Amino acid sequence: MPRHWLMKSEPEDFSIDDLERVGTEPWTGVRNYQARNFMRDVMRAGDGVLFYHSNTKVPGIAGIAEVTGTPYPDPTQFDVDSKYFDPASKPDAPRWWLVDVRFRRKLPQVIALDSIRAAADRLGDIELLRKGSRLSVSPVTASQWKVLLSLGTTQE
DNA sequence: GCCAACGTTGGC
DNA sequence: GCCAACGTTGGC
């Protein structure tokens, strides 16, 4: 059974429009162990992804994507010219792993963090709304997925 | 193993 | 641009 996820990206770096353009993108640059563990150990091809725009004027869910392929080591950790280079990581024991993310669709309008917060009672415990949460890859239950997407089709 | 210092995230 | 919250590092 496919799982569901929320993945954050700063649109200035990589937006839903960028994903639509390229089709599939390796989710490079995650340097948080919890987020890595989700990608390396739990994510599987076909899992649904809520593409979230963070650190922007109207933060919120901008589109839908999916996990594709199988997890593999993040190549940027070995690239000395990358800002994600990690000198402590060794090729025979990679520290950072990623998955590829494939575009599904863009939402007609961003589901703003404000309206997500307004639905907190229907969402229950969700990582995105935890105080101080900064986790860039986090699980979403099937029912939370439904509630979140309904926010995009309802007139508020 | 503690914890201060530091760097980063991300809403505002 | 500010800054609270968080994760990591490293001295002890």
Side-chain angles (χ1 to χ4, degrees), chain A residues 3-22 25-43 47-67 71-101 103-141 144-145 147-152 154 156:
Chain A
R3 299 177 181 80
H4 305 88
W5 305 93
L6 184 141
M7 299 176 86
K8 297 179 185 173
S9 181
E10 302 195 14
E12 299 243 329
D13 289 345
F14 191 80
S15 70
I16 189 71
D17 293 317
D18 293 323
L19 186 61
E20 180 168 27
R21 194 173 311 119
V22 299
E25 177 74 5
W27 209 255
T28 55
V30 169
R31 295 295 180 266
N32 170 281
Y33 289 104
Q34 216 181 333
R36 177 208 65 182
N37 291 347
F38 284 137
M39 291 200 288
R40 187 189 62 183
D41 305 333
V42 192
M43 281 187 169
D47 287 359
V49 173
L50 299 168
F51 194 107
Y52 182 93
H53 282 176
S54 66
N55 209 4
T56 189
K57 194 167 183 179
V58 182
I61 297 164
I64 314 296
E66 67 183 35
V67 175
Y72 58 97
D74 181 341
T76 64
Q77 70 196 303
F78 304 122
D79 178 1
V80 290
D81 294 325
S82 169
K83 63 173 173 175
Y84 300 124
F85 177 64
D86 182 354
S89 183
K90 300 290 167 239
D92 58 348
R95 178 177 290 186
W96 306 111
W97 292 66
L98 53 67
V99 295
D100 287 350
V101 171
F103 178 81
R104 259 193 211 164
R105 64 190 172 91
K106 185 177 172 177
L107 294 180
Q109 57 183 20
V110 171
I111 300 172
L113 180 58
D114 280 349
S115 53
I116 296 172
R117 214 173 255 133
D121 54 336
R122 282 182 284 154
L123 289 167
D125 189 22
I126 186 167
E127 179 65 30
L128 179 69
L129 296 184
R130 290 224 183 109
K131 184 177 164 64
S133 173
R134 300 181 311 175
L135 198 55
S136 65
V137 177
S138 63
V140 171
T141 67
Q144 287 165 345
W145 174 278
V147 171
L148 288 168
L149 286 188
S150 77
L151 299 176
T154 307
E156 308 268 359

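Since this is a predicted model, take the numbers as computed values, not measurements.
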TODO: Answer yes when Arg31(A) and Asp74(A) have at least one side-chain N-carboxylate O distance shorter than 4.0 Å, and no when they do not.
DONE: yes
TODO: Write down the distance between CD1 (Ile116(A)) and C1' (dG10(B)), rounded to a whole number of angstrom.
DONE: 14 Å
Task: Whole angstrom value for the distance that separates P of dG10(B) from CD of Glu12(A) - done: 14 Å
TODO: Using whole Å, report how far CG of Leu129(A) lies from C1' of dA5(C).
DONE: 16 Å
Open item on the list: Measure CD/Glu127(A) against C1'/dC6(C) and give the value in whole Å, please.
Closed with: 11 Å
TODO: Classify the side chain of Arg31(A) and the base of dT8(B) as holding, or not holding, a donor-acceptor pair under 3.5 Å.
DONE: no
TODO: Pick base, sugar-phosphate or nothing for Arg130(A), based on heavy-atom distances below 4.0 Å to the nucleic acid.
DONE: nothing
Open item on the list: Rounded to whole Å, please give me the gap between CG in Leu113(A) and P in dT9(B).
Closed with: 18 Å
- [ ] Using heavy atoms to find the nearest nucleotide of DNA chain C for Arg95(A) and Lys131(A) separately, return the residue whose nucleotide is more 5′.
- [x] Lys131(A)
TODO: Would you please say whether a donor-acceptor pair under 3.5 Å links the side chains of Asp18(A) and Ser15(A)?
DONE: yes
- [ ] May I ask you to check whether Tyr72(A) and Trp96(A) place their ring centers less than 6.0 Å from one another?
- [x] no
TODO: State whether Lys8(A) places a side-chain N or O below 4.0 Å from either non-bridging phosphate oxygen (OP1 or OP2) of dT9(B).
DONE: no
TODO: Supply the atom-to-atom distance Ile116(A) CD1 to Ile126(A) CD1, rounded to the nearest 0.5 angstrom.
DONE: 7.5 Å
Open item on the list: Could you tell me how far apart Lys83(A) (NZ) and dT8(B) (C1') are, to the nearest whole angstrom?
Closed with: 12 Å
- [ ] From the options dC12(B), dG7(C), dA5(C), select the nucleotide whose nearest atom is closest to the side chain of Asn32(A).
- [x] dG7(C)
- [ ] Could you check how far OH of Tyr52(A) sits from P of dT9(B), rounded to whole Å?
- [x] 15 Å
- [ ] Measure the distance from CG on Leu135(A) to P on dA5(C) and round it to the nearest whole Å.
- [x] 18 Å
TODO: Check every atom of dT8(C), dG7(B), dG11(B) against the side chain of Arg134(A) and return the nucleotide holding the closest atom.
DONE: dG7(B)
Open item on the list: Does any part of the side chain of Val49(A), heavy atoms only, come nearer than 4.5 Å to the side chain of Trp27(A), both counted from C-beta?
Closed with: no
